[in-house]
Amino acid sequence: MRFQAVHKLVSYLLAAAAVTLVTTSGAVPLPTLGLIVLVGVLSWFVEPGTRMGSLLDRAGLVFNVGALSFFALSLFEVVRSFPQPDLTPVLNLVLFLLGYKLFHRRGNRDYLQLYILSFLLVLGAAWLAQSVLFVVGFSAYVVLATWTLILFHLRREIEDNYLVKHRRDADSEKVTAARVLNSRRVVGGAFFAVTALVAVGVLAGSGLVFAFVPRIGLGFLSGGVRHHATLIGFSTEVTLGHHGVLSSDNDTVVLRARVPRIAALPDDAARGRAISSLYWRGTVYDTYQNGRWLTAVEKREKTILSKDYLHPQDDGSTVWYVESPQAPRDPLPTRGPRPRIPLSQTDEQEITVVGLSSPVAFALDQPIAFRMPQARLSSWRQLGLEPRASGEVGLVVRSARPDGQAMGDTHDFSGAQYFAYSRDPLFHPDLHGGIPLGDMEAGALDNYLRVPLSLSGRLGELATSVAKGKPTALGKVRAIVDWLRSTHGYTTNLQRNERIADPLEDFIFTQTAGHCEYFASAAAVMLRLVGVPTRYVNGFLGGEWNEFGEHITVRDNRAHSWVEAYLGALGWVRVDATPAAPIPTRMGRLRQIFDSVDQFWGRWVIDYDANRQLELARKLGRQMGLQSKAAGHPPISWPSKKVVALLAVALAAAVAAWALARRRWQPRRAAAGGARQRGEPPIARLYHRALGRLAGKGWFRATTETPREFASRLGKAAVPGADLLARLTEHYEASRYGDRVIDAAVVEDLGRDLSSLGVGRPPAAAPAPPA
Amino acid sequence: MTAFLAAEYAASSAELIQRIEANIAKVIRGKPAAIWSAVMALVARGHLLIEDVPGVGKTTLARAFAASIGGTFHRVQFTSDLLPSDIIGVSVLDPKTGHFEFRPGAIFANVVLADEINRTTPRTQSALLEAMNDGQVSVDGRTHKLEQPFLVIATQNPEEHYGTYPLPESQMDRFILRIRLGYPAAEDEKRLLLEAPGVSGESLSKLSPVLLLRDIIGLQEAADRVRLAPELAEYIVAVAHETRHSPFLSLGISPRGELAWRNVARAVALADGREFVLPDDLKAMALPTLAHRLILSNQLDSTTRTREEAERVLTEILNRAPIPG
C-alpha cells in the first residue's frame, strides 16, 4: 500500500481503537457512538485539498465557534456537577473534537492533535473501565499507536526536514514529498511485524513496571469509591407480593470466595454436593408487616463484636469474634472471656466482594469470626466491621487513623476483601450456644415473636393445628417445614390473588407454589404463631466452582431466603423451608475461564496497590524459597542457601558469558581501534571527536572503511567541512600508522575549525557506507 | 630490523619511482596501472605474472622496463620442448681448457620475460620458479648468483587449454603480483593505429635509462624500511586467517602470501612518498597480491571463472574485515 494510505489507515484505526475503548466502559451512549462512527466514515472520503476539503476549510470559523461553545457548555456542566464531577461532558467534548479533527487532516499538526485526542479518550476509558475487555483493547491501541507514531514521525521528517541543495550558492529547499508519500516500498509487512513486536515488548515492559514499581493506590487521590456498573443491592427491607416471573437469570457475580475445605475435596462430585449446601448469610430481618420484612430491633439485640487481642496476626490483620447477645455469659467475670472455638476448627473463607452494594459482611452460615485486613499502605481508609442487629455484621469504611471514625455512607464495597470463619450450626450443634427460653429475661426475644395484627386469625389456627402435639421447638419447626413442603411447590412464576390483602396469606391458603421468600416468610410467621422466635435471613445458596481460580463464584441468581429459629440451648438454628430446586454448581468451561480472568483482573489490576505488591513479592519469595521460618517477623528474611547458590551460579554464568563475548569481540575491537589507549595522541583524540561530531550528523565511518576512504566519501558527498576532515585524516594517518608526532600547533589549528564540521544539512541523502 | 625510513627519503624514492613510470609510459599507452604494478613488483623484490591474451604489449612492457633501469633483458619463449638448462644454463666442456665451463641460461638478466610460461613442462617451470625464489641457480654443484635487481615477468594465456600445463597454485604463490593488462581503451588504440609505422619500436630502442641499477636496489632497501603499524600486521593476519577459515576456499593465504602483501604495500607507500603503510595500501593491493594464491573449495575447471570467483570471495572477506584506526 502507498505510504500515505497506510498512514491514514493506521491513524483512523487508532482513533477507532480509542473510541472502542471508551465504549467498553459503557460511558458512551449509543446515539453518540453512532454519530462519531458516521463522522469517521464520512471524513475518510474528505481529503484535504479537494473541493470538499477546501469548502470545509472555509467553514473553519463555524467549526471553531461550535467547538468553543461546546467547550464552554462542557465546562459549565462539569462545574455544575461539583462536588462530584461527572466526566461525561468532557468525554463528549473530546469525541466532538475528534470528529472535527478527522475532517481537518490538513497537515502533520492535525494528525498530532488527532493522536492526542485519542490518547485522552484512552485515559478516560482507563478511568472508567472495569472490564477485562479493556486490556484487550488497550493492547491493540498500543500496537496501533506504535505504528501510527512511527509513520507520523517519518512523514514529518520527510515533509518538514528533508532538504535538498539545488545550487551551491542557494539555500537548501524542502523536497516535494509526494513521490515518497506515494511510494509503495516504504511500508511493508516487515515494518508492521517488527513494530508490532516492539509494541509487544513495550507492553510487557510496562506490565513489569506496573507490577513492580512501588505505587500509591488511586484511593489516595479519589477517596477510593469506585463507580461500578452493576451492583446487587440488598435493601433494608424485603417486599413480598410482586407477581410475575422472578428474574433468575441475573448472572452478575456478587462475590467470590476461596474456601480451603471445598478446594481440598477430592473430586468435582463431592465438591458439587458440598457447595450446594453452602449458605452465604447476609442481611437479617426481624419484623414482618403487610408483606414486608424490616429491621426494627432495639440496640441491645445488636451483635457483639469482640476483638481478639490475644492472638495477633502476622500480617497485621485483626480478628473479630462474633457473639450473639443471647449467648450465655460467664457467671464469674473473673474467669475471663468465654472460651472461643479455635479458628482452626472452622471453615475459613476468603471473600472478595465483587458487585454487592450492601454494607453487609457476607459469610457462610454461621460466622464465628471475621479477620479484617490491615489498612492498605497507601490509603487513609480501612475496611472495618460494624455490629448490627440479629447477628448481622456490617461492613464499614473507617479512617485508618487511630481514632478510626466511620466515613461517609459508602454503598459500594466492590473489591473489599476479608476472611470469615464459620461453623455450620446444623453440623456442629453448639449446645452452649443459647439460653433456654425459660431462663431468659422476660421479653428478651419478643421482637422475634411479633406477628402483625393485620394477619387473619385463620393463619394462627393453621399454625397451631400443624404444630399440634409437638411440645419442643425443634418438633414444631419440623412439623411446619414438612407441612409447607408437602402442600406447596417451588416456582419462580408467581400467581397472586389480589383479593387477599396479605401476600403471605395468599401464598399459604390459595397458591400452590412460590419461591424461597414465600417459604421463608411462611415458616417464620407460622413458627412465631406457635411461640418459636424466628428471624428472616437473606443471602445466597451454593455457588459455582471455578477450577481455574479454585474459588467459588456466587452470582445474583443464587439469592436465597431462609429462617433462623431460636431453639433454646441450641441457639439460633437455620431453617430452610424451601423445597430444593436443582441449580447447577459448575460453570461452563469458557465461563470459568472468563470468571477467573475477571477475578484476576479485579485483584491484580483494578485493586492493585502497594499491599498487593507486597503480596506479590511475598508470593514470589515463597516460590523461590525465600519464606522465613520465623513467621513472626516477615519483613526480615534471609534467602535460603538454595537461592543464594542459584544466584551465585546465575551471576557466574553471566560473568562467563560476558567474558566470552568480550573475547569473541576483543580482536575485532582491537583491530577496529575500538580499544583506544588512554594515552592516545592529541591528533587521534581530535580525529575521534570529529568522527563523533559527524556521526551525530548522520555520517558514520564504517568499521571496514579506512580513514582515507571515509574522508573521500565525505568529500564526494560535499559534506560541509569535508576538506577539514581530509586534512585531519592526513595528520591522523601519519600519527596512527606512521607513528609520527603531530605538531601541537597543527592540532590546535585543526581543532579550532572542528565546529564547522558537518554543520548544515548534507545536500543529498547520506550514501550508505560501503557494505 | 633496520631503523624506519626517514620521511625525506620516502619523498625522493617516490620521485625515482615516478621517473621509471613516466619513462615506460612513453612507449606503452593507456596502461599506467600495469606499469605501476610492474614497478611495485620490482620494488618489492617480487616477480610479476601477467595473465592475458597475446598482443596487448606484454613484451614491450618488459623491454621498456629493462631499458628504463639500464639493466639487461632476456626473453624466453616457453614451449613444450624447452629444457631447464635452457633457462638456468648448462656446463659444457671447453675443449681448449679441458674444463667444464658454465654457459648461463636465459635467466641471467635483470629483467626476464618468460612468455607463455604455461606452455612448457612442469619440470622446466619449476626450474624457473626455484631460481626466481632463491635468486641463484645451482648447476653441477656450483652456485651461481643472479644479478640484482632481478625481475621475472611471466605471462600466461588463460584462455588456452590445448597443450598447456597450468601453473599449480602452489607455484603461483611465488609471483608477488598477478595482473591483467587488458585491451587498451578505444582512444589509445586509435592513436596506436594512426602513429607512423615502427614508431613504438623505435621509441623503445631510443628509451634511455632514467636511473641506475644501484638506485633500484636502494629503492628495494628503502621499501624494506617502510613502517608497518602493528595494528596493520594484525589486519593482515586477520584477513589471512579469514581466508583459511572461509568455507568457500580450500586453501587460504600462506605466510609467504602475507609477506608478499606486506612488501607490496610497502612499495605502494613508498611510491606515494610515505614512510608508513596505510590500510588503503593494503586494500588497494589485496586482489592482485592475494587472489592468485587462493584455491576455491569448489574449484571449477575454467581458469577464468576460478579467478573471478576467487577475487569475489576475497573481496567479500576484505569488506568484512574491520579497519584498525
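So you know, we letter chains A, B, ... as the sequences are listed, proteins then strands, and number each from 1. Only heavy atoms go into these numbers, but all of them, side chains included; no hydrogens, no water, no symmetry mates.
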| said: Can you confirm whether B/Arg214 is buried at CZ, in the sense that more than 12 heavy atoms of other residues, nucleotides or ligands lie under 6.0 Å from that atom? | reply: no
| More than 12 heavy atoms of other groups within 6.0 Å of B/Glu189 CD |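 Atom CD in B/Glu189 is packed in, count exceeds 12.
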| Any donor-acceptor N or O pair under 3.5 Å, side chains A/Thr704, B/Asn319 | no
| request: List in chain and number order the residues that pass side chain to side chain donor-acceptor pair (under 3.5 Å) with A/Ser735, two or more places apart in sequence or in another chain; answer none if no residue qualifies. | output: none
Nearest non-hydrogen partners of [X] and [Y], listed with the distance:
| X | Y | answer |
| --- | --- | --- |
| B/Lys283 | A/Glu705 | NZ-CA, 4.4 Å |
| A/Arg736 | B/Ala229 | O-CB, 4.3 Å |
| B/Asp280 | A/Glu733 | OD1-OE2, 3.8 Å |

May I have the list of side-chain donor-acceptor pairs in residues 647-657 of chain A shorter than 3.5 Å, sequence neighbours left out?
none

| task | Measure A/Ala734 against the heavy atoms of chain B and call it side chain, backbone, both or neither at under 4.5 Å. | result |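 When you check distances to chain B, atoms from both the backbone and side chain of A/Ala734 fall under 4.5 Å.
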| query | How far does CG of B/Leu282 sit from OH of A/Tyr737, to the nearest 0.5 angstrom? | reply |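 If I round to the nearest 0.5 Å, the distance is 9.5 Å.
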| Between OG1 of A/Thr703 and CD1 of B/Ile323, what distance do you get to the nearest 0.5 Å? |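 A/Thr703 OG1 to B/Ile323 CD1: 8.5 Å, rounded to 0.5 Å.
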